[in-house]
Amino acid sequence: MIILRIPFLPAAGMALYPFILVKTAALKTNKRIINHEHIHLRQQLELLIVPFYILYLLNYLLALLYYMDHNKAYFNIVFEREAYTNEKNYDYLKHRKFWDWIRYFSPRYQSGL
Ligand SMILES: [Zn+2]
């Protein structure tokens with residue numbers, strides 16, 4: 001995996017297949033953030049990249065209509081629910097099943113933030 005430092009990145013980290021982008025050099029060694037972004041790379045790969053971004057944006061827009069709040073909408077995107085739920089589980093990707101993000105539509109993973 002290739003990690004690039006992008007100082008003007010609007011977030012601490014971002015996955016843009018096949019790259020992980022981070023805002024600062026220190027974040028390159030932040031295990032949790034790198035694992036979070038690695039989960040997104042897996043989601044992107046199994047959705048053949050472009051459909052991932054379309055689904056991500058659609059999910060965000062629908063969540064924004066539902067919650068009327070950017071942060072709640074963001075944390076409730078199914079791909080973010082999966083990544084935040086498992087970002088501290090460093091073996092997660094070793095055991096994760098194909099398209100496992102689907103499970104995160106379940107209300108039990110809803111972020112109340
Ligand atoms: Zn994320």
Side-chain angles (χ1 to χ4, degrees):
M1 118 186 76
I2 303 160
I3 305 171
L4 303 174
R5 186 174 68 88
I6 310 287
F8 53 86
L9 203 67
M14 189 180 287
L16 201 61
Y17 194 87
F19 306 107
I20 288 177
L21 314 178
V22 290
K23 195 173 179 69
T24 66
L27 290 170
K28 282 184 174 187
T29 55
N30 183 312
K31 254 182 111 176
R32 181 185 54 80
I33 286 184
I34 297 303
N35 195 41
H36 180 105
E37 301 308 332
H38 205 184
I39 292 168
H40 285 320
L41 287 183
R42 181 71 63 86
Q43 295 163 339
Q44 292 173 13
L45 188 61
E46 66 192 13
L47 280 164
L48 308 176
I49 323 298
V50 173
F52 167 86
Y53 296 109
I54 295 167
L55 286 176
Y56 188 101
L57 182 64
L58 272 176
N59 194 169
Y60 171 73
L61 292 173
L62 288 172
L64 189 59
L65 281 175
Y66 182 78
Y67 295 105
M68 299 303 277
D69 179 280
H70 163 73
N71 284 327
K72 282 185 185 170
Y74 164 75
F75 283 104
N76 280 290
I77 296 168
V78 287
F79 304 111
E80 295 301 345
R81 284 181 178 178
E82 182 187 16
Y84 281 105
T85 300
N86 299 292
E87 66 184 11
K88 291 180 188 163
N89 176 358
Y90 301 111
D91 290 327
Y92 178 65
L93 288 174
K94 289 179 191 158
H95 310 289
R96 179 184 179 272
K97 293 183 185 121
F98 186 74
W99 277 36
D100 229 8
W101 54 271
I102 294 253
R103 292 192 301 119
Y104 293 83
F105 277 109
S106 166
R108 69 186 272 237
Y109 294 108
Q110 187 171 26
S111 171
L113 249 183

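Order of appearance sets the numbers: ligands from 1, and atoms from 1 within every ligand.
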Per-pair distances, 0.1 Å, donor-acceptor, side chain in residues 8-24, under 3.5 Å, sequence neighbours excluded:
residue	atom	partner	partner atom	Å
K23	NZ	P7	O	3.2
K23	NZ	L9	O	2.6
T24	OG1	L27	N	3.4

With sequence neighbours left out, write down each residue that passes side chain to side chain contact (heavy atoms under 4.5 Å, CB included) with Q43, or none if nothing qualifies. I39, H40, F52, F79, E82, R96, W101
Could you check whether any side-chain N or O of N86 sits under 3.5 Å from a backbone N or O of N89, counting only pairs where one atom can act as donor and the other as acceptor? no
Applying side chain to side chain contact (heavy atoms under 4.5 Å, CB included) to I54 and not counting sequence neighbours gives V50, L58
Test your reading of the model: is there a side-chain donor-acceptor pair from N76 to the backbone of S111, 3.5 Å cut-off? yes
Under 2.8 Å from the Zn ion (ligand 1), how many protein N/O/S atoms can be counted? 4
Would you say K28 has more than 12 foreign heavy atoms packed within less than 6.0 Å of its NZ? yes
